[in-house]
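Presented below is the structure to which this report refers.
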Amino acid sequence: MIIQTEAIVIRSTKYSDSDCILTLFTRKMGKLGVYSKNARLMKSPLMSGSQIFAYSNVTINTRDGKYRLSNADLISNFYKIAGSVEKTYLGYYMLELVEKLSMEDQSNIRLFQLLADSLYELEKNDNIILLKTVFELKLLDYSGFRPNASRCIVCGDSSSLGNYFAPQEGGRVCISCMGQVNIKYRYDSTTFRLIEYIQNNHISRVLEAKISRQIIEELSGLLDYYIKFHLSEIRLKTREYLILD
Ligand SMILES: [Zn+2]
């Protein structure tokens with residue numbers, strides 16, 4: 001069988017002096033482990049499409065349940081990301097989150113588009129903390145972990161919402177249900193509005209908006225707790241290297 005799809009290299013591992021094994025995140029089939037023969041050789045037509053971050057139109061051959069890269073037409077290698085240490089770390093963090101939260105042989109088109117859009121934004125946009133925050137919030141949404149900011153997570157009502165967020169339960173909690181959740185944190189109401197704004201708008205639109213640094217930092221802190229509760233078992237290695245100033 002031949003598969004043709006867009007793909008982003010989320011991991012590239014040396015297999016021999018000439019070959020490598022890629023983890024691709026593809027538009028049509030989600031995550032795939034693909035053998036890339038001779039990709040480490042300078043003259044190989046697969047070389048540029050086998051580098052980490054490479055975004056290409058790929059052709060993959062399948063035989064005996066194994067995937068083999070047979071062609072890669074590069075769309076972008078996002079080379080400008082490598083010009084900044086903090087962008088590089090954020091880029092690796094994005095790739096790791098996608099790798100851990102995506103499924104093999106199962107497409108997640110919204111997540112694929114989010115990763116492609118975010119890498120383009122990472123090249124040109126210097127608002128690293130906002131980009132990280134928007135990426136995390138949308139990724140949680142598209143991976144089945146959407147934080148709920150518009151209704152009470154316990155009773156579902158939206159009429160008497162306070163400013164408390166219960167990360168373990170996955171959302172905001174109303175005044176009458178406050179006693180039912182153990183761990184809750186108070187946030188500015190603008191932070192909840194920002195969550196809804198990010199959830200309802202394209203990443204490029206959010207990045208153009210004027211948002212106060214203080215609110216972005218508050219949301220970033222909220223997501224830290226949220227990720228700690230909901231994604232602790234996936235043990236993110238790149239997260240501790242993020243430099244946000
Ligand atoms: Zn409630």
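Read the numbers this way: they start at 1 and go in the same order the structure lists the ligands and their atoms. For the numbers below, each heavy atom of this structure counts, side chains included, while hydrogens, waters and symmetry mates do not. Just so it is clear, the structure is predicted and the values come from calculations on it, not from any experiment.
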Quick check: does any side chain N or O of K184 sit under 3.5 Å from a backbone N or O of M178, one acting as donor and the other as acceptor? yes
If the plane angle is over 60° it's perpendicular, under 30° parallel, otherwise tilted; pick one for Y55 and F78. parallel
Any heavy-atom pair between the side chains of I52 and Y92 that's under 4.5 Å? yes
Does the pair K80/E123 count as a salt bridge with the N-to-O cut at 4.0 Å? no
Answer with yes or no whether the side chains of Y185 and N163 bring together a donor and an acceptor at under 3.5 Å. no
Taking every non-hydrogen atom, the tightest pair across T23 and K31: CG2-CG, 3.7 Å
Protein N/O/S atoms closer than 2.8 Å to the Zn ion (ligand 1): C152 SG, C155 SG, C174 SG, C177 SG
